[in-house]
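Report on the following structure.
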Amino acid sequence: MVEKKCTKKAATTKKTAEKKTTETKTVAVKPTFAIDAINVGWHAGDVYEALAQAKKSLSIDELACEAKLSEPEVLLGMGWLLKEGKIKDDNGLVTLA
């Protein structure tokens, strides 16, 4: 599983760019995970615990950092919790119901 680094964005300064003659592109490999009731249920538990500990509304990216899950795993867990009525939308953020 690939973990996102949870860091705050620092102010960046613009530097003059030099011309590059060659560019190489890298393709990001998406992590794979099993989609079954057990794994989705565990992800739902992780999302619920992250929201309970935060005691405030969080965005999907913040949830991913807090729960130490990837974005697709957070979305799977959110789907489970939405179906059960445990979470709700709060102006684009996720909060406990």
Side-chain angles (χ1 to χ4, degrees):
M1 179 170 65
V2 178
E3 291 186 21
K4 285 186 176 180
K5 292 184 178 179
C6 301
T7 59
K8 294 185 179 181
K9 294 180 182 179
T12 58
T13 59
K14 227 178 200 182
K15 295 181 181 179
T16 57
E18 295 178 9
K19 278 191 172 181
K20 292 183 181 180
T21 56
T22 60
E23 286 187 32
T24 57
K25 293 184 178 181
T26 57
V27 178
V29 178
K30 292 186 178 182
T32 58
F33 51 91
I35 298 177
D36 57 19
I38 294 172
N39 284 332
V40 176
W42 280 104
H43 297 324
D46 292 340
V47 169
Y48 189 88
E49 286 296 320
L51 283 169
Q53 288 177 358
K55 296 180 183 176
K56 64 178 182 174
S57 300
L58 298 174
S59 69
I60 293 172
D61 290 335
E62 291 170 335
L63 266 174
C65 288
E66 292 292 322
K68 295 181 178 66
L69 297 172
S70 66
E71 185 176 331
E73 292 169 331
V74 168
L75 293 173
L76 281 172
M78 282 176 55
W80 181 293
L81 293 171
L82 280 168
K83 181 71 175 172
E84 290 184 345
K86 305 277 184 181
I87 61 173
K88 62 182 179 179
D89 178 51
D90 184 24
N91 296 325
L93 300 176
V94 181
T95 188
L96 293 175

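Note that the coordinates shown come from a computational prediction; the quantities given were computed from them, not determined experimentally.
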(request) Find the distance between CG (L96) and OH (Y48) and round it off to the nearest 0.5 Å. (result) 5.0 Å
(request) Not counting sequence neighbours, which residues clear side-chain hydrogen bond (donor to acceptor under 3.5 Å, both in side chains) with D90? List them please. (result) S57
(request) First locate atom OG1 of T95, then atom CG of L58, and finally report the distance between them rounded to the nearest 0.5 Å. (result) 8.0 Å
Taking distance alone, no hydrogens or angles, what donor-acceptor pairs closer than 3.5 Å link side-chain atoms of residues 74-86 to residues at least two apart or in another chain?
from	atom 1	to	atom 2	distance (Å)
W80	NE1	E84	OE2	3.0

(request) Give, for atom CG of L63 and atom CD of E71, the distance between the pair rounded to the nearest 0.5 Å. (result) 10.5 Å
(request) Under 4.5 Å between side-chain heavy atoms, chaining through other members, with only Ile, Leu, Val, Met, Phe, Trp and Tyr counted: pull out the rest of the cluster around L93, sorted by chain and number. (result) none
(request) Kindly compute the distance separating NE2 (H43) from CD1 (I38), expressed to the nearest 0.5 Å. (result) 11.5 Å
(request) Output all residues satisfying side-chain hydrogen bond (donor to acceptor under 3.5 Å, both in side chains) with D36, sequence neighbours left out; order by chain, then residue number. (result) N39
